[in-house]
Amino acid sequence: MPIEKKYTDSGIEIKELYTAKDARPMVENPGEFPFTRGVQEDMYRGKLWTMRQYAGFSTAEESNKRYHYLLSQGVNGLSVAFDLPTQIGYDSDHGLADGEVGKVGVAIDSLEDMEILFAGIKVEDITTSMTINATGFILLAFYVALAKKQGADLQKISGTIQNDILKEYAARGTYIYPPKPSMRIITDIFEWCTKEVPKWNTISISGYHIREAGSTAVQEIAFTLSNGKAYVQAALQKGMDINIFGKRLSFFFNAHNNLFEEVAKFRAARRMWANIMKGLGATDPKAMMLRFHTQTGGATLTAQQPLNNVTRVALQTLAAVLGGTQSLHTNGYDEALSLPTEQAASIALRTQQIVAFESGVPDTADPLAGSYFVENLTSEVEAEAWKIIEKIDALGGSVAAIEQGFMQNEIARSAYEYQRQIETGDKVIVGVNKFQSADNIVVPGFKINDSIREEQCNKLKILKAKRDNNKVADCLLQINKAANGTTNLMPLVVEAIENYCTLGEISDELRKVFGEYQ
């Protein structure tokens, strides 16, 4: 009887046995080009990954309470989730914000909200990651204005804005402006941050949402690295030094359940990015390093038997750490049902801490190196990803590939195939299509107060009555003029925010110039 063939989630065939002839010879150590084995020589022996918990909901006051709780539990980096109106450039009092204020993240309309969000937290003492794209430049300006009010040294503040608009067109949908002006805003951020906030990671080039939309592991890194290449080329066209801005690029990947494919994915991505950057002219090794944050897979969580998700998250945590992540967020077991409760967020953080302090996994760099299977799979994932990047290059690069619908169609095809395999039983999801249980365990969900929008609208009304509205009008006019020319937008946006212009007002001013992407 023939042995059943086995495949990874990306369709790479897994052999029954791997031997030395299957593995690429080990030619480099951790911390050496092309960084397959990690970006630091000693990896986690020198410093553990940053443990973040993604949080943001309701009002700035409520989110601030959660941040203080997480910091008290051992989190050493905050990760801010913003509500949908904030993500797409609408203030809470805009008609299109109705029903969405504070629901999937925190509502931030003005510098006042940002001050409340970080009340009692010194931004110079923490790193902050902000999952924000179309309005990333405005949220960065809010954060910088807040830091200045706190008396922080801007040369020392550190963190990341996601700021990856290309994947929004391909997978997620929270874009505002067309691709070309959006790319202009991103290169303005690169240029301004290099001088003003040199420790800030100016972009987190994201495969996470590409994977959440249904891509395979191979597609995740191929599309993400291709997008990264497009951002670098745009910055080079602006005359920027790749050896300087290249050090401030970071990446954001997903971690799914297929442990060995995920580890291979992370190792392959580092190797590929190092070669991409070298090919684009980088000579400083630090500009060739792929540094990345990981989040465990939201799309892998099940509403059925939700406590099983604790095990899934633990597996994904291992994959991220074995794969050499620099930063990690672990999902709550209840996130297929609602925003995470405090208990679920605590268990998720403890999962990271157990891996860090009890498992022994961080004790040596790249512990799976030399495994015949892992080395072979790393090379297989890399080879398949290069094939996709070559197709994108033939279409004219990421922007052209997105405009032609290539990435969107490929992701949709993979998502369909994955769902088909679940429905036929070819892919087993425990508790969903196999090992179901009649016991219906009720997990209490996290509830958001419906009065949030009213609270935010009242805040905006008071703010607009007490600020200098003549100064606001002048700031918005200067932004409009700069958008029509080539002047860097960031200094003007920071000034506007310091004069309490709102997120929606700044976004609308740029809508007048750039239009909206349809």
Side-chain angles (χ1 to χ4, degrees), residues 9-12 133-134 162-187 190 203-238 240 242 245-246 249 251-254 265 268-282 288 290 380-418 514-518:
D9 289 344
S10 296
I12 296 169
N133 296 282
Q162 192 164 102
N163 196 30
D164 175 8
I165 202 65
L166 290 178
K167 68 93 175 47
E168 296 297 324
Y169 303 116
R172 192 161 172 264
T174 62
Y175 45 74
I176 303 174
Y177 315 112
K180 286 188 176 130
S182 293
M183 292 292 278
R184 177 256 174 103
I185 292 170
I186 286 169
T187 54
F190 288 179
I203 194 167
S204 177
I205 306 157
S206 176
Y208 184 84
H209 303 98
I210 290 169
R211 191 69 177 279
E212 290 291 284
S215 82
T216 65
V218 166
Q219 288 171 331
E220 179 188 351
I221 61 167
F223 294 157
T224 305
L225 298 184
S226 184
N227 288 348
K229 187 175 171 183
Y231 293 125
V232 171
Q233 289 168 330
L236 289 172
Q237 286 168 11
K238 201 162 185 172
M240 296 177 66
I242 192 171
F245 76 80
L249 305 177
F251 288 79
F252 175 25
F253 290 122
N254 211 314
K265 177 187 77 178
R270 272 194 297 271
R271 194 152 81 204
M272 293 173 73
W273 183 245
N275 282 295
I276 287 170
M277 288 297 275
K278 187 176 182 179
L280 290 169
M288 303 178 205
L290 183 147
E380 289 269 8
V381 168
E382 179 184 10
E384 292 302 311
W386 280 126
K387 289 178 188 176
I388 297 172
I389 290 175
E390 286 166 9
K391 287 181 184 177
I392 292 169
D393 287 345
L395 291 170
S398 275
V399 175
I402 288 165
E403 288 174 339
Q404 293 170 56
F406 172 75
M407 289 188 191
Q408 299 92 313
N409 290 338
E410 291 297 301
I411 292 167
R413 190 176 293 113
S414 294
Y416 171 81
E417 178 59 22
Y418 185 81
F514 299 146
E516 289 188 283
Y517 182 67
Q518 301 295 328

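A quick note: this is a predicted structure, and the numbers were derived from the prediction, not measured. Keep in mind that the numbers below use all heavy atoms, side chains included, and drop hydrogens, waters and symmetry copies. Counting begins at 1 with the first residue of the sequence.
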Apply side chain to side chain donor-acceptor pair (under 3.5 Å) to residues Ser215 and Ser414 and explain how you reach the verdict.
CA-CA 6 Å; Ser215 82; Ser414 294; over 6 Å; no
Taking side chain to side chain contact (heavy atoms under 4.5 Å, CB included) as the test, write out the residues that go with Pro179, two or more places apart.
Tyr169, Val399, Glu403, Tyr517
Spell out, as yes or no, whether a donor-acceptor pair under 3.5 Å connects the side chain of Ser10 to the backbone of Thr216.
no
Give a yes or no on whether Lys278 atom NZ has more than 12 heavy-atom contacts from other residues, nucleotides or ligands under 6.0 Å away.
no
What are the two closest non-hydrogen atoms of Glu168 and Asn133, and how far apart are they?
OE2-ND2, 2.9 Å
With a 4.5 Å heavy-atom cut-off, do Met407 and Ile392 have their side chains touching?
yes
Would you check if Tyr231 and Asp164 make a side-chain contact, meaning some heavy-atom pair closer than 4.5 Å?
yes
Determine yes or no for a side-chain-to-main-chain donor-acceptor pair under 3.5 angstrom, with Tyr418 supplying the side chain and Asp9 the backbone.
no
Any chance you could lay out the side-chain contact (heavy atoms from CB on, under 4.5 Å) test for Glu380 and Val218, step after step, and finish with the verdict?
CA-CA 9 Å; Glu380 289 269 8; Val218 166; over 6 Å; no
For Glu410, all residues meeting salt bridge (Lys or Arg N to Asp or Glu O under 4.0 Å), sequence neighbours excluded
Arg413
To the nearest 0.5 Å, what is the distance between OG1 on Thr174 and NZ on Lys167?
6.0 Å
Test item: Phe514 and Lys180 side chains (from C-beta on) under 4.5 Å apart, heavy atoms:
no
To the nearest 0.5 Å, what is the distance between CG (Leu166) and OG (Ser182)?
8.5 Å
May I have the list of side-chain donor-acceptor pairs in residues 383-390 shorter than 3.5 Å, sequence neighbours left out?
| from | atom 1 | to | atom 2 | distance (Å) |
| --- | --- | --- | --- | --- |
| Glu384 | OE2 | Lys387 | NZ | 3.0 |
| Trp386 | NE1 | Glu382 | OE2 | 3.1 |

Look up atom OG1 in Thr224 and atom CD in Gln219, then write down how far apart they are to the nearest 0.5 Å.
10.5 Å
Taking C-beta and beyond as the side chain, do Val232 and Ile276 meet within less than 4.5 Å on heavy atoms?
no
Quick check for you: to the nearest 0.5 Å, what is the distance between Leu290 atom CG and Ile205 atom CD1?
8.0 Å
Short side-chain to backbone donor-acceptor contact, Gln404 and Ala400, under 3.5 Å:
yes
Within the distance-only criterion (no hydrogens, no angle test), does the side chain of Thr187 pair as donor or acceptor with the backbone N or O of Ala234 below 3.5 angstrom?
no
With a 4.5 Å heavy-atom cut-off, do Leu225 and Phe251 have their side chains touching?
yes
Would you say Lys229's side chain and Leu280's backbone share a donor-acceptor pair under 3.5 angstrom?
no
Measure the shortest side-chain to side-chain distance between Leu249 and Phe190 over non-hydrogen atoms and say whether it is less than 4.5 angstrom.
yes
To the nearest 0.5 Å, atom CD1 of Ile221 lies from atom CD1 of Ile210 at 11.5 Å
Separation of Glu220 CD from Glu212 CD (nearest 0.5 Å):
9.0 Å
Would you call the rings of Tyr208 and Phe252 parallel, tilted or perpendicular if under 30° counts as parallel and over 60° as perpendicular?
parallel
Any donor and acceptor pair, going by atom type alone, linking the side chain of Gln162 with main-chain N or O of Ser206 inside 3.5 Å?
no
Backbone N or O of Asn227 within a donor-acceptor pair of the Ser398 side chain at under 3.5 Å?
yes
Are the side chains of Tyr175 and Ile165 in contact, using a 4.5 Å heavy-atom criterion?
yes
